[in-house]
Amino acid sequence: MRFIEDAVVEYHGFWGSFWDLVWWFLAVFIFVAYLMALFSIISDIFRDRKLAGGWKAVWLFFLIFFPIVTALVYLIARGRGMGERQASAVKQYQTAQDDYIKHVAGTNPSDQIAQAKSLLDAGTITPAEFEALKAKALA
């Protein structure tokens, strides 16, 4: 049985191997960026309530069989709405997080104002600080 000889790799010096490494990192970066864009597009397709189910299926079909071209077309055609939906989702998550923190903290605005008033009466804070705390509690 005949064995295949090991392939000989020619050493191109430091700069040759350096640029090979740079190109490899660039290729990995582009691939990861593409995957992030692809998952963002897929999540946006399912997040969009105005888009009919048939159109969602069409977008997904083209994303599977023509991924790069479809991703570019989607970003050009629906990019603005994608950004708006992402911004509204972030705002919704932030509001839910703030509500949860207020719930866990167990204080409501009237309690915070009463505590600030007691600190003002005790002379611990100034009237300006009291007004700032009151405005923060009511915000």
Side-chain angles (χ1 to χ4, degrees):
M1 177 174 224
R2 186 168 185 224
F3 293 100
I4 299 175
E5 293 181 20
D6 292 333
V8 177
V9 177
E10 184 179 339
Y11 179 66
H12 297 287
F14 172 75
W15 292 110
S17 61
F18 172 76
W19 289 112
D20 287 342
L21 187 65
V22 168
W23 282 112
W24 184 82
F25 275 110
L26 183 65
V28 169
F29 173 78
I30 290 171
F31 180 69
V32 169
Y34 166 72
L35 286 178
M36 290 175 61
L38 188 67
F39 286 120
S40 294
I41 290 170
I42 290 172
S43 67
D44 184 64
I45 287 173
F46 288 109
R47 184 183 297 139
D48 189 2
R49 295 176 189 259
K50 295 178 186 173
L51 188 63
W55 287 111
K56 289 179 183 183
V58 169
W59 278 112
L60 288 175
F61 173 81
F62 280 104
L63 273 173
I64 291 170
F65 291 107
F66 306 105
I68 295 175
V69 174
T70 306
L72 289 174
V73 169
Y74 189 86
L75 291 174
I76 291 168
R78 301 182 51 86
R80 177 173 294 197
M82 185 177 177
E84 291 169 356
R85 283 184 291 278
Q86 179 67 23
S88 69
V90 167
K91 189 173 184 176
Q92 181 182 1
Y93 294 144
Q94 183 67 36
T95 303
Q97 186 178 25
D98 291 343
D99 291 342
Y100 175 75
I101 290 171
K102 287 178 183 177
H103 175 71
V104 170
T107 59
N108 57 29
S110 62
D111 290 341
Q112 292 175 355
I113 293 171
Q115 289 174 353
K117 179 68 173 157
S118 66
L119 289 174
L120 177 65
D121 292 341
T124 308
I125 61 173
T126 64
E129 291 172 329
F130 170 73
E131 291 300 324
L133 289 173
K134 186 167 115 177
K136 185 177 178 182
L138 294 175

Partner residues of Y74 under the ring pair (Phe, Tyr, Trp, His ring centres under 6.0 Å) criterion, sequence neighbours left out = W59
For F61, all residues meeting ring pair (Phe, Tyr, Trp, His ring centres under 6.0 Å), sequence neighbours excluded | F65
Check whether [X] and [Y] end up in the same hydrophobic cluster, where Ile, Leu, Val, Met, Phe, Trp and Tyr are linked by side-chain heavy atoms less than 4.5 Å apart.
X	Y	answer
I64	F62	yes
L72	I30	no
I76	L51	no
V22	V28	no

For residues 125-139, which side-chain donor-acceptor pairs fall under 3.5 Å, sequence neighbours excluded?
from	atom 1	to	atom 2	distance (Å)
T126	OG1	E129	N	3.2
E129	OE1	T126	N	2.9

Sequence neighbours left out, cut at 3.5 Å: what donor-acceptor pairs do the side chains of residues 32-42 make with other protein atoms?
from	atom 1	to	atom 2	distance (Å)
S40	OG	M36	O	2.9

Under 3.5 Å, is there a donor-acceptor pair linking the side chains of Q115 and D111?
-> no
Does some side-chain heavy atom of W55 sit less than 4.5 Å from a side-chain heavy atom of L60?
-> no
Pairs flagged by salt bridge (charged side-chain N to carboxylate O under 4.0 Å, His left out) wherever residues 28-43 is involved - sequence neighbours left out | none
Which residue pairs pass the salt bridge (charged side-chain N to carboxylate O under 4.0 Å, His left out) test with at least one member in residues 38-55, sequence neighbours excluded?
-> D44-R85, D48-R78, D48-R85
Could you tell me which non-hydrogen atom of I45 sits nearest to which non-hydrogen atom of K56, and how far apart they are?
-> O-CE, 3.2 Å
